[in-house]
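In what follows, a structure is listed as structure tokens, so that the remarks can point back to it.
Both counts, for ligands and for their atoms, begin at 1 and track the order of listing. Computed from a predicted model, the values in this text were never measured in an experiment.
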Amino acid sequence: MTARFVVSGTDTGIGKTVFSAALTNALGSFYWKPVQSGLDEETDAETVRRLGAVPAERIVPEAYRLATPASPHLSARLDGITIDPETLTPPHVDGPLVIEGAGGLMVPLSERLVFADLFAQWKIPVIVCARTTLGTINHTLLCIEAMRHRAIPIFGIAFIGDENLETEKIIVQLSGVRSLGRLPIIPDLTTAGLGKAFRENFDIDIFADARP
Ligand SMILES: Nc1ncnc2c1ncn2[C@@H]1O[C@H](COP(=O)(O)OP(=O)(O)O)[C@@H](O)[C@H]1O
Ligand SMILES: [Mg+2]
């Protein structure tokens, strides 16, 4: 079986989709966003397709497309549905797969289920996306502790943002989780610019060689 990754992290709006676009492009992988909350703006799958120049056939359709940009448990309720975890099984695809969660690790899918519960069942290595700005040490270490508590496999941390060496160092040191690299802020976010930044800052072989 080829490599599969879950892209999660500390928070929403930290760059998971941009990172996923870069990784999907670099690996030539499939991309799946199981639950999309909010359909008025460009969806995450559409962003990945555009920014990562990913062919349509490598974008796996979402299991849930919810109208309201809110926590999935609430978006689902507002749409009059309940998210059934049985329907959130990673798809079988002919190649590597990048799965992006919604928001952060502990975001609820229903009254009883958070994303971390799914990740624990899936046993697919998680890439922990973390900002480099103030507040990230606490959030990242909490995430990693919660993942260990649930025996979720951790592939590594992908930092996103301007260089902050001391922050990155202390997170790696205290968590014992490796840094995969840091995606800088790219002023002109294009497919080419993103691809270049990813190649310069991450070793694609680490991802390509990963086996579940
Ligand atoms: N490396 C980056 N360089 C420049 N802008 C970025 C970068 N990463 C994210 N952004 C911008 O930040 C916003 C949130 O990013 P996104 O990937 O959608 O976050 P998330 O998936 O974690 O919610 C978007 O407007 C995106 O274009
Ligand atoms: Mg996203």
Quiz item: Any non-hydrogen atom of Pro184 lying under 4.0 Å from ligand 1?
Solution: yes
Practice problem: Run through the protein N/O/S atoms less than 2.8 Å from the Mg ion (ligand 2) and write them out by chain and number. | Solution: Thr17 OG1, Asp44 OD2, Glu100 OE2
Practice problem: Determine yes or no for a side-chain-to-main-chain donor-acceptor pair under 3.5 angstrom, with Gln36 supplying the side chain and Gly38 the backbone. | Solution: yes
Quiz prompt | Pair Phe202 + Phe19: ring centers closer than 6.0 Å | solution = yes
Quiz item: How close does the nearest protein non-hydrogen atom get to atom 27 (O) of ligand 1, and which residue and atom is it?
Solution: Leu189 CD2, 3.5 Å
Quiz item: Under 4.0 Å from atom 11 (C) of ligand 1, is there any protein heavy atom?
Solution: no
Exercise. Please check if a non-hydrogen protein atom sits closer than 4.0 Å to atom 25 (O) of ligand 1.
Key: no
Quiz item: By number and element, which atoms of ligand 1 are closer than 4.0 Å to a non-hydrogen atom of Thr12?
Solution: 23 (O)
Self-check item: Sub-4.0 Å atoms of ligand 1 with respect to non-hydrogen atoms of Ile14
Solution: 19 (O), 20 (P), 22 (O)
Practice problem: Look at the side chain of Arg182 and the backbone N and O of Leu165, then say whether any donor-acceptor pair between them is shorter than 3.5 Å. | Solution: no
Quiz item: Parallel, tilted or perpendicular: which describes the rings of Phe155 and Phe5, with under 30° parallel and over 60° perpendicular?
Solution: perpendicular
Self-check item: Hydrophobic cluster membership, Val126 vs Leu109, 4.5 Å side-chain cutoff
Solution: yes
Quiz prompt | NZ/NE/NH1/NH2 to OD/OE distance under 4.0 Å, Lys33 and Glu100 | solution = yes
Quiz item: Under 3.5 Å, side chain of Lys16 to main-chain N/O of Thr10, donor-acceptor pair present?
Solution: no
Exercise. Ignoring hydrogens, just give me the one of Gly13, Gly193, Gly9 whose non-hydrogen atom is nearest atom 23 (O) of ligand 1.
Key: Gly13
Quiz item: Going by heavy atoms in the side chains, are Pro184 and Asn201 under 4.5 Å from each other?
Solution: yes
Quiz item: Do side-chain atoms of Asp203 reach the backbone of Asp205 as a donor and acceptor pair under 3.5 angstrom?
Solution: yes
Quiz item: Does Asp162 offer a backbone N or O that forms a donor-acceptor pair with the side chain of Thr132 under 3.5 Å?
Solution: yes
Quiz item: Going by distance only, is there an N or O of Glu100 that falls short of 3.5 Å from an N or O of ligand 1?
Solution: yes
Quiz item: Which residue supplies the protein heavy atom nearest to atom 19 (O) of ligand 1, what is that atom called, and how far is it?
Solution: Gly15 N, 2.9 Å
Quiz item: Any idea which protein heavy atom is nearest atom 7 (C) of ligand 1, and the distance to it?
Solution: Val18 CG1, 4.0 Å
Quiz item: Does the protein place any heavy atom closer than 4.0 Å to atom 2 (C) of ligand 1?
Solution: yes
Quiz item: How about Phe115 and Ser8: do any of their side-chain heavy atoms sit closer than 4.5 Å?
Solution: no
